[in-house]
Every structure is written in C-alpha cells, then in structure tokens.
There are 2 protein chains.
Amino acid sequence: MRLIVARCSVEYTGRLDASLPTAVRLIMVKQDGCIAVHADGGAYKPLNWMNAPNTLVEADDLLVVTNPKDERLVIRLEEVFSDTTVLMGEDPGLTKDGVEAHLQELLALTPGVLGEGTVLVQREYPTELGPVDLLCRDGTGVAIAVEIKRRGEIDGVEQLSRYLERLNRDGTLRPVRGILAAQVIRPQARALAQSRGIECVTLDYDGLRGMRPDELRLF
Amino acid sequence: MRLIVARCSVEYTGRLDASLPTAVRLIMVKQDGCIAVHADGGAYKPLNWMNAPNTLVEADDLLVVTNPKDERLVIRLEEVFSDTTVLMGEDPGLTKDGVEAHLQELLALTPGVLGEGTVLVQREYPTELGPVDLLCRDGTGVAIAVEIKRRGEIDGVEQLSRYLERLNRDGTLRPVRGILAAQVIRPQARALAQSRGIECVTLDYDGLRGMRPDELRLF
DNA sequence: GACTCTATCTCGGTA
DNA sequence: TACCGAGGTAGAGTC
C-alpha cells in the first residue's frame, strides 16, 4: 500500500462528474491498483476513489487513473508532504456473525417459534420475483411465506407482499399466510403489515441460538 | 489525521459481531475521532470502522473505541511499523454534476420527452408519503406522476405505486398515470411496472442537456 | 431525534 | 457478464 499525503485537486468523470478543489488529503494506492482520496473527517467514504481493475499512469505532478468502463480519475499533486509504501501481504478477511443468513439458518432449525406446530417446507422457495426466505406450513397445514430481516422495515413488507401475491396464484398453496420475522420491527412496517394481513414476529437471535437442537444436547 | 501501520487484530461488537484475525493493516484515525481499518485491497470499504461521535481510549497495545449506541471496536496492536500524524485542515468538499437532482431539473425543463404535449404542473408535488418528483399533465389533460431515478429498480416502482395510490384518492387529479423515468431500467423493475400499469421512459442525460431551451439558443 | 431517500453506493452471490 | 439483494449500508435532507 502506498500512502501519499499531498496538497492536491481531483477530478472524476464517469458515472457522473465530480471535482475536488485544492486541499491537503491522504491518497491511498492499494496493491490491486485501486485508489482512494480521504479527507480528515468521516471514517467511511473516500471523497473520490476508483476501484480495481484500472490503470494508473503517473506523469509529472499528475496521477491519472482510468478503467475499462471509461471512468477517469485525475489527481493533480501540488505539494507532496510524504509518499511512503508499505508491504502488507494478503488479508485473511473478516468473519461476521449475526447477519440475515444466520437468522434464516437458525429459524429454519426452529420454525416452531412462528407458531405451535409450524414445520419447514423449504428454504429459499423460488417465485418469479425471487426466492421466499422460508416456506412453511402451520399446525393446520396452511402454507406460510416467511420473510426474514434483521430489521423489519417497509421494504420487507413490500417484498413479502409481492411474493404472497405470486404464491396465492398457485392452487396447491393457496391460501398463503405471510409472516415478517425480524429482530426489530419498525412501527411503520408493522402498520403496513397489519393493513395487508401480514403477521409480525420478533426474533431473539441469542434465544434462537440457544434453541438449536444440536446445542441443546451439549448441556 | 493519524496513520498507523501495524500488525493487528480487530473485534467489532454492535449491530453484529465481526472479527479480523492478525495481519498488517492501515489504521486511520481522523480529526473527528472516527476510525477505519484498511487492508491492502478494495478501495472503498474499510474492513472495520467506527464513525463519530465516539470515544477512543488507548491503553498499552489496545485501541478501544466505543460510541453512545453501545457499539465497540477493539484493535489489538501486535507490532507497530509506523505511527504518524498529519495536519490537513478543513476540506472544501466535493461538487457533483449528474446526480438525480440534475435529471429532475432537466426533465422539468423538457417534459415533452415524456410524450407529445406533456406539460409540467409542479416539481416535488407533496403527498402524505413524501413528494412526487414531477407532477405533469399529458396532451389530453390527464395527470401524470413521474418518479425519476438514475437507475430504475424495483424500489422506484414501489415508491411510485405508493404515491399513485394516494394521488388517485384526490378527485381533482384522478385518474393519475404513472411514469418511471430513468437512465437505465432493470428488467425486473420494468416487469413490475408493467404489471401495475406504470409506464417506463428511458432518459438520455446528455440528450436532455442538449434540449435545454437556454442552451439551444447558444448555437 | 426519527424518518426518508440517494449513492460514482459497495459487495457478494448466481444464472 | 448482468442482474439481484444485503449492508454494521453511509450520508444528506426534512420534519
């Protein structure tokens, strides 16, 4: 990784046009060729950047980065305060715990929390509009489409509504109940769900984890 | 801005749990207190980060960052290769051209591209659910709600559907046509739009810019 | 503070 | 490659 601290101005042309007047900034050039220009505030977003794959040409006081999609980043260096290169090697990468996929996995193992007698039919049940997270049947045999979210918001209700509309066209499934299952559900999402006859279930991630049959046996 | 290059491991707990095994990385500590940990690949996203406002406590070989939302980032420094601080000052910030707001501006000037005789009634026409980008009337006087996007996706269709549902309750407007106008429109969005009777119009940003009356007069 | 929506979204998965 | 969906989305604007 190459770290340049310099007074510079930057122009980007591509998906839109953006320009950055002169100031002192950090320019990060990474091993894979991608570039980010950071100011001294706001952790996340670079002011300007260019992702790999791209081509970096250095000429005089200019850094010109172009990519196959005809995007172009031009950095004019006006005063370089430091320019150092560090060898870092491969990164082993991040492991995450608690994303939507884990919720789905856990809920698939314990569908009973959606109601006494509920059993799993299929995960990622396909429809024309995309896969339903879980297809279940309740204690009386009625089909349930379950949309799982970490945070239940209005989008999730819309998504489930679209699936339900499609699933209810299928005579072998109809009528299909809808359940939005999430760790927290926003009042607005709850209201919209109710107005469409969609049920809301709040999930307790640690609770679900505790109910996994394989883990129960350990204690 | 403080730049630390170090062999380190990182743990984040908060909205989820994430952990990063030992490797050499760049740790950026910015003036506003926010922190980002970068590997030597992938321009945009830090591996881990913590936005302002937060509290940084440095103790021995640990950097512990906590914020009011009970998120916590712990960086264990195992070998520090460099640790430098640079003064950068305020950044004048980025100016952009070609974002959705510009599309809206241009389309408001040339509503005719939505159909012969179409005229603008109002930009940002308010509804209970938020403002409709453009309210127009077509050549025959029928109202049109226009949702403008750079990229037309399924969310845009949902958004416009909600607006249309509200607008059609208004006797002075009803019936209201819906148009999704975007530079590119995804097939799924197009399909959903069609099933809801919403029309799709593809916009050419440079073309629109060329049609602006004030610019036409220049040539 | 809560809500809404844009984004050069990024990133990962899949067909 | 394009499409689709999740994200610790972030960030800006509004109320």
Side-chain angles (χ1 to χ4, degrees), chain A residues 10-20 34-37 41-52 54 65 67-73 93-94 96-104 124 126 129-131 133 147-151 153-156 159 186-189, chain B residues 11-19 34 36 41-52 67-73 93-94 96-104 124 126-131 133 147-156 158-159 162 182-192:
Chain A
V10 187
E11 302 286 329
Y12 163 78
T13 315
R15 285 176 268 183
L16 52 61
D17 297 302
S19 80
L20 212 44
C34 62
I35 288 204
V37 180
Y44 200 90
K45 265 181 79 107
L47 293 165
N48 275 110
W49 69 93
M50 196 85 140
N51 281 345
N54 63 34
V65 193
N67 77 6
K69 281 178 276 181
D70 265 335
E71 297 175 277
R72 165 186 289 257
L73 188 73
L94 190 67
K96 295 181 182 179
D97 180 28
V99 293
E100 184 184 311
H102 297 131
L103 274 178
Q104 187 188 125
E124 302 287 352
L129 293 172
D133 288 337
E147 178 63 35
I148 301 168
K149 293 282 179 209
R150 288 199 316 119
R151 292 161 23 164
E153 304 193 7
I154 220 159
D155 281 6
Q159 199 177 340
R186 301 258 182 224
Q188 259 201 351
Chain B
E11 300 287 330
Y12 163 79
T13 314
R15 285 178 265 184
L16 52 60
D17 298 302
S19 79
C34 61
Y44 196 90
K45 270 181 76 110
L47 292 164
N48 269 316
W49 69 95
M50 197 81 140
N51 281 344
N67 77 5
K69 282 178 278 181
D70 264 335
E71 296 175 277
R72 164 185 290 256
L73 188 73
L94 191 66
K96 295 180 184 183
D97 178 30
V99 292
E100 184 185 312
H102 297 129
L103 270 180
Q104 186 188 125
E124 303 287 352
T127 75
E128 281 174 45
L129 294 171
D133 288 336
E147 177 64 33
I148 302 169
K149 294 282 179 207
R150 290 202 320 120
R151 295 164 25 161
E153 305 195 6
I154 220 158
D155 282 3
E158 296 287 14
Q159 200 176 338
R162 291 196 297 269
Q183 289 175 284
V184 292
I185 300 180
R186 302 269 181 216
Q188 256 198 358
R190 206 178 277 277
L192 185 63

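Computed from heavy atoms alone, side chains included, the values below leave out hydrogens, waters and symmetry copies. Throughout, a chain's letter reflects where its sequence line sits, starting with A, and its residues are numbered from 1.
For the side chain to side chain donor-acceptor pair (under 3.5 Å) test, residues two or more places apart in sequence or in another chain that qualify with A:Glu124 are A:Gln104. Scored by the salt bridge (Lys or Arg N to Asp or Glu O under 4.0 Å) test, A:Asp97 finds A:Arg209 as partners (sequence neighbours excluded). When the side chain to side chain contact (heavy atoms under 4.5 Å, CB included) test is applied to B:Thr13, the partners found at least two apart in sequence or on another chain are B:Asp17. In this structure, the side chain to side chain contact (heavy atoms under 4.5 Å, CB included) partners of A:Ala52, at least two apart in sequence or on a different chain, are A:Asp32, A:Cys34. Applying the salt bridge (Lys or Arg N to Asp or Glu O under 4.0 Å) criterion to A:Asp70, with sequence neighbours excluded, gives no partner residue. Evaluation of the salt bridge (Lys or Arg N to Asp or Glu O under 4.0 Å) rule for B:Arg15 yields B:Glu71 as partners, not counting sequence neighbours. Shown here are the side chain to side chain contact (heavy atoms under 4.5 Å, CB included) partners of B:Arg162, two or more places apart in sequence or in another chain: A:Glu158, B:Leu129, B:Glu158, B:Gln159. When the side chain to side chain contact (heavy atoms under 4.5 Å, CB included) test is applied to B:Glu153, the partners found at least two apart in sequence or on another chain are B:Arg151, B:Arg186.
Across all strands, A:Leu73 comes closer than 4.0 Å to no nucleic acid atom at all (heavy-atom distances). B:Gln104 comes within contact range of no nucleotide atom at all, as no heavy-atom separation falls under 4.0 Å. Counting any heavy atom pair closer than 4.0 Å across all strands shown, A:Arg72 reaches no nucleic acid atom. B:Met50 comes within 4.0 angstrom of a nucleotide base, judged by non-hydrogen atoms across all strands.
When the C1' atom of D:dG5 is taken as reference, atom CG of A:Leu103 falls 16 Å away, rounded to whole Å. Atom C1' of nucleotide D:dA6 and atom CG of B:Leu16 are separated by 12 Å, given to the nearest angstrom. Note: CD1 (A:Ile154) to C1' (C:dA2) measures 14 Å, nearest angstrom. Atom C1' of nucleotide D:dG7 and atom CG of A:Asp97 are separated by 16 Å, given to the nearest angstrom. Rounded to an integer number of Å, the gap from B:Lys69 NZ to D:dG8 C1' is 9 Å. One can place CZ of B:Arg151 at 12 Å from C1' of C:dT6, the figure rounded to the nearest angstrom. Look at CD1 on B:Ile148: it is 15 Å from P on C:dC5, rounded to the nearest Å. Rounding to whole angstrom units, OH of residue B:Tyr12 and C1' of D:dG7 are separated by 11 Å.
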Please tabulate the protein-to-nucleotide N/O contacts below 3.5 Å involving nucleotides 11-15 of chain D, giving atom names and distances.
from	atom 1	to	atom 2	distance (Å)
D:dG11	OP2	B:Asn51	ND2	3.3

Which atoms of nucleotides 13-15 of chain C (N or O only) lie under 3.5 Å from a protein N or O atom, and what are those distances?
none

Short N/O separations, protein against nucleotides 2-4 of chain D, under 3.5 angstrom:
from	atom 1	to	atom 2	distance (Å)
D:dC3	OP2	B:Arg186	NH1	2.6
D:dC4	OP1	B:Gln188	N	3.4

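The side chain of B:Glu147 has C:dT6 as its nearest neighbour among C:dT10, C:dT6, D:dG8. Side-chain proximity of B:Gln159 to C:dT6, D:dG8, D:dA6: nearest is C:dT6. The side chain of A:Glu100 has D:dG7 as its nearest neighbour among D:dG7, C:dT8, D:dG8. Distance from the side chain of B:Leu94 is smallest to C:dT8 among C:dT8, D:dA10, C:dC5.
A distance of 6.5 Å separates OH of B:Tyr12 from CE of B:Met50, quoted to the nearest 0.5 Å. Note that CD1 of A:Ile148 and CG of A:Asp133 are 5.0 Å apart. Values are rounded to the nearest 0.5 Å. Atom CG of residue A:Leu73 and atom CG of residue A:Leu20 lie 9.5 Å apart, to the nearest 0.5 angstrom. A:Asn67 contributes atom CG, which lies 11.5 Å from atom CD1 of A:Ile35 (distance to the nearest 0.5 angstrom).
Scanning both residues, A:Ala18 and B:Leu94, for their nearest heavy atoms gives CB-CD1, 4.0 Å. For the residue pair B:Ala43 and A:Ala36, the shortest heavy atom distance occurs at O-CB, 3.7 Å. Taking every heavy atom of both residues into account, B:Trp49 and B:Asn51 meet most closely at CD1-OD1, 3.8 Å.
At the phosphate of C:dT6, neither OP1 nor OP2 sits under 4.0 Å from any side-chain N or O atom of A:Arg15.
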Checklist entry - How would DNA chain D look in dot-bracket form, 5' to 3', counting Watson-Crick and G-U wobble pairs with both distances under 3.5 Å and writing | for bases paired to another strand? => result |||||||.|||||||
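Counting distance only, with no hydrogens placed and no angle test, the side-chain atoms of A:Asp17 and the base atoms of C:dT8 include no donor-acceptor pair under 3.5 Å.
Nucleotides C:dT4 and C:dT8 have their P atoms positioned 22 Å apart, rounded to a whole Å. For the P atom pair drawn from D:dG8 and C:dC5, the interatomic distance equals 22 Å after rounding to whole Å.
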